[in-house]
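Working notes, beginning with the structure itself.
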Amino acid sequence: MQRALAEARAAASRGEVPVGAVVLGPDGRVLAAAGNRVEELSDPTAHAEILALRAAATLRGEPRLPDCDLVVTLEPCPMCAAAIALFRVRRLVFGAYDPKGGGVEHGPRVFSHPTCHHRPEIVGGVAEGEAAALLRDFFAARR
């Protein structure tokens with residue numbers, strides 16, 4: 001989670017919403033890491049999770065990551081939750097909960113739908129206070 005938090009801080013320094021993600025291989029080694037790049041790339045799908053998952057899949061040369069874990073600083077949105085299912089990630093670990101925009105424990109709860117073909121193990125609330133503070137401070141500075 002510390003690496004994901006570092007990616008989130010780097011995203012904030014670029015003016016991006018501070019969310020960071022890391023994909024860990026089966027041995028725990030970092031395969032890919034990313035922070036949000038929505039503004040930089042003018043791409044509303046350039047969320048940290050999507051960028052990190054794509055990079056890990058490219059590195060491995062395969063479209064699915066069934067033995068990999070995704071660590072992200074914020075509960076994934078519905079788009080990212082659907083991508084996590086498509087990538088067949090083994091475990092999702094996230095920091096802050098997102099009652100407004102989350103798609104895992106809140107909102108549409110993507111993994112609980114019968115049409116969702118894969119549900120990762122989910123661990124929420126890891127370093128929640130630090131992850132939430134990054135987001136809170138980022139948005140407070142913009143208001």
For this session: Report the C-alpha separation of Ile50 and Cys80 in whole Å, then their side-chain angles, then the decisive distance to 0.1 Å, and conclude whether the side-chain contact (heavy atoms from CB on, under 4.5 Å) test is met.
Result: CA-CA 6 Å; Ile50 300 290; Cys80 291; 3.9 Å; yes
Exercise. Does the side-chain contact (heavy atoms from CB on, under 4.5 Å) test come out yes or no for Met79 and Thr45, once each step is laid out?
Worked result: CA-CA 8 Å; Met79 174 187 70; Thr45 69; 3.8 Å; yes
Exercise. Which residue pairs pass the salt bridge (charged side-chain N to carboxylate O under 4.0 Å, His left out) test with at least one member in residues 59-80, sequence neighbours excluded?
Worked result: Arg60-Glu62, Arg60-Asp67, Asp69-Arg90, Asp69-Arg91
Separation between [atom1] of [X] and [atom2] of [Y], rounded to the nearest 0.5 Å:
X      : Y     : atom1 : atom2 : result
Glu49  : Leu92 : CD    : CG    : 8.5 Å
Glu7   : Leu51 : CD    : CG    : 10.0 Å
Phe94  : Leu74 : CZ    : CG    : 8.5 Å
Glu105 : Tyr97 : CD    : OH    : 5.5 Å

Problem set entry | Pi-cation contact, Phe138 with Arg142 (under 6.0 Å, within 45°) |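 Cation-pi check for Arg142 and Phe138: passes.
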For this session: Report the hydrophobic cluster partners of Val123, with the cluster defined as I, L, V, M, F, W, Y residues connected by side-chain heavy atoms closer than 4.5 angstrom, directly or transitively.
Result: Met1, Leu5, Val22, Leu24, Val30, Val71, Val93, Val126, Leu134
Find out whether [X] and [Y] are in side-chain contact, i.e. whether some heavy atom of one side chain is under 4.5 Å from a heavy atom of the other.
X      : Y      : answer
Gln2   : Glu130 : yes
Val104 : Val110 : no
Pro76  : Ile84  : yes
Leu53  : Leu70  : yes
Phe111 : Pro120 : yes

Would you find a donor on one side and an acceptor on the other, under 3.5 Å apart, between the side chain of [X] and the backbone of [Y]?
X      : Y      : result
Asn36  : Ala11  : no
Arg119 : Cys116 : no
Arg29  : Gly25  : no

For [X] and [Y], work out which heavy atoms get closest and say how close.
X      : Y      : value
Gly20  : Ala8   : N-CB, 3.6 Å
Ala32  : Ala55  : CB-CB, 3.7 Å
Ala52  : Ala34  : N-CB, 3.9 Å
Gly102 : Pro108 : O-CD, 3.7 Å
Glu128 : Ala96  : CG-CA, 4.0 Å
Arg14  : Arg37  : NE-NH1, 3.3 Å

For this session: Let me know which of Leu65, Leu31, Val23 forms a side chain to side chain contact (heavy atoms under 4.5 Å, CB included) with Leu59.
Result: Leu31
Exercise. Is there any ring-ring contact (aromatic ring centres under 6.0 Å, His included) pair reaching into residues 113-133, and which pairs are they, with sequence neighbours excluded?
Worked result: none
Problem set entry | Candidate pair Val19 and His47, rule side-chain contact (heavy atoms from CB on, under 4.5 Å), full reasoning | CA-CA 8 Å; Val19 177; His47 290 196; over 6 Å; no
